[in-house]
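Worksheet: the structure to be examined is printed underneath.
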Amino acid sequence: METVKSIQADTKNDININTEVPVTEPQRQFYYMDLAKQLVSERTKACGHPLTFHVETFGCQMNARDSEKLRGILETIGYEQVDTEDADFVIYNTCTVRENANNKVYGRLGTLGSYKKKHPQMMIALCGCMMQEEHVVERLKKDFRFVNLVFGTHNIFKFAELVVRALTEKQMVVDIWEGTTEIVEDLPVERKYSFKSGVNIMFGCNNFCSYCIVPYVRGRERSREPKDIIREIERLVADGVVEIMLLGQNVNSYGKTLEHPVTFAQLLREVEQIEGLERIRFMTSHPKDLSDELIEVMAQSKKICKHMHLPLQSGSSRILKAMNRHYDKEQYLTLVDKLRAAIPDIAITTDIIVGFPGETKEDALETLDVVRRVRYDSAFTFIYSKRSGTPAAEMENQVPEQEIKENFDMILKEVQHIATEKAHLIEGQVQPVLVEQINEHDASLVTGRLSNNSVVHFPGDSSLIGKIVDVRLAQCKGFYYIGEQV
Ligand code: 5AD
Ligand code: SF4
């Protein structure tokens, strides 16, 4: 696996680990990284081979970015990355947005437990959204006692300190915070790709959609200062990055809680000015906060990709109200019209939940109607999952599985049919493609993405990785293209 180190350590002063533990961050974490380095080096000597680590990420882009931060620390303290789970240090960065995400983790932990029986020195850590749920931690303490370290979403910046504890204490180390207002800058990050990167612009969510557990496990909305974001992107660009993805649960409400409020559109205007940066993406946009100013900035921009992920969730105004989404069917459709009027070739993608409590056939048909009218370029369609602690879990009119399945299949079929039709519309065109990797199945091809996020495979070699090249979309294969460089 290709990885790129970008240690942003200009705040790291010379740290002497014999002195007192610093109280301010990030200095405190650099102190613990030095301490961890010593511990890892002792263990390495004792076992006679380099210690390895593996981070497994479940869930969204936000988690993927958090995993890069975990990798940054582990590389810094002397572990080497491997692709398999028979490593000396394995971390699961978990998701809990749907029930099956939790089940997956319990299942995989069982397997990990049997590895550990054979290698008692192995370290196992769990973090991420699922760990913010009390019942999960209780179950881990009861059924998975071999886990060394459990921490949550709010204290991930303390990972170095927690690793030192886990390496030196005999019992399971559990550190879960209920929330935080802290944002710690300048810790090491180990990027998966040399040429593209996620950039957190905010953490948490204030929306409390009634089905969603995220506000409970990720806490209240906190935005990073624009100057910190710009500085991070400038450093990334200096390090070879050409595409960034600005990350937040609801990027359209970025900056509202800052001491000097800034809009997301204003932030984008500043990011656009960064020389050397070629492409800007962002995720996720809540329809209720999508401003005319943002549409205008997107329409004028040369760098913002022609793609908007705009979660619909449901096409029924009645269900949207019960979901606490703060928009109705007509408002959503008007927004899509505005986007298309300003940016005619924009790709629009979405998330849809089928089977929310009280959803009838008529409601599902309303969703189908929106799917047909918007004609999404692609859509993630989910079956409603009851998350305990959310208001929707308490609703009495939960929908029987069989009914959900029927509506789900109906909507999914239409989504796929339309997505294929839409993909064919640009067949034959020449478009810029950012080459991401060698094709996973055929080494004579490379794989890249269009501005609208579609995937293209075309003949090429590794020298193209990270470059933006013009490609003719010779053949549309439904969800992807086979192309040729021009
Ligand atoms: N059940 C099913 N899907 C959900 N999502 C969020 N919560 C749930 C749930 N309880 C979906 C939403 C969101 C996406 C990230 O996950 O569609 O946009
Ligand atoms: Fe969940 Fe709604 Fe926040 Fe998205 S906006 S994370 S769906 S509560």
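Side-chain contact between Val415 and Tyr376 is absent, with no heavy-atom pair separated by less than 4.5 Å. Using a 4.5 Å cut-off on side-chain heavy atoms (C-beta onward), Val40 and Leu167 make contact.
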Discussion item. One pair to check against side-chain hydrogen bond (donor to acceptor under 3.5 Å, both in side chains): Ser67 and Asn93. What are the steps and the verdict?
Written reply: CA-CA 7 Å; Ser67 288; Asn93 186 6; 3.1 Å; yes
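Looking at Arg235, Gln29, Gln27 one by one, the single match for side-chain hydrogen bond (donor to acceptor under 3.5 Å, both in side chains) with Asp186 turns out to be Arg235. If you run side-chain contact (heavy atoms from CB on, under 4.5 Å) between Met323 and each of Pro357, Ser314, Pro391, only Ser314 comes through.
Screening residues 102-128 for salt bridge (charged side-chain N to carboxylate O under 4.0 Å, His left out), with sequence neighbours left out, gives Glu56-Arg108, Glu85-Arg108. Applying the ring pair (Phe, Tyr, Trp, His ring centres under 6.0 Å) definition to pairs two or more places apart or across chains, those involving residues 160-189 are Phe157-Trp177.
Qualifying side chain to side chain contact (heavy atoms under 4.5 Å, CB included) partners for Lys477, counting only residues two or more places apart in sequence or in other chains: Gln475, Tyr480, Ile482.
Under the 3.5 Å distance criterion, the side-chain polar atoms of Ser223 are matched with a main-chain donor or acceptor of Gly255. Judged by distance alone, the side chain of Asn63 and the main-chain N or O of Phe58 form a donor-acceptor pair under 3.5 Å. Checking side-chain atoms of Asn206 against main-chain N and O of Glu221 turns up a donor-acceptor pair under 3.5 Å. Judged by distance alone, the side chain of Asn148 and the main-chain N or O of Ile124 form a donor-acceptor pair under 3.5 Å.
The aromatic ring centroids of Phe382 and Phe408 lie 6.0 Å or more from each other. Checked against a 6.0 Å centroid threshold, the rings of Phe159 and Tyr32 do not count as neighbours.
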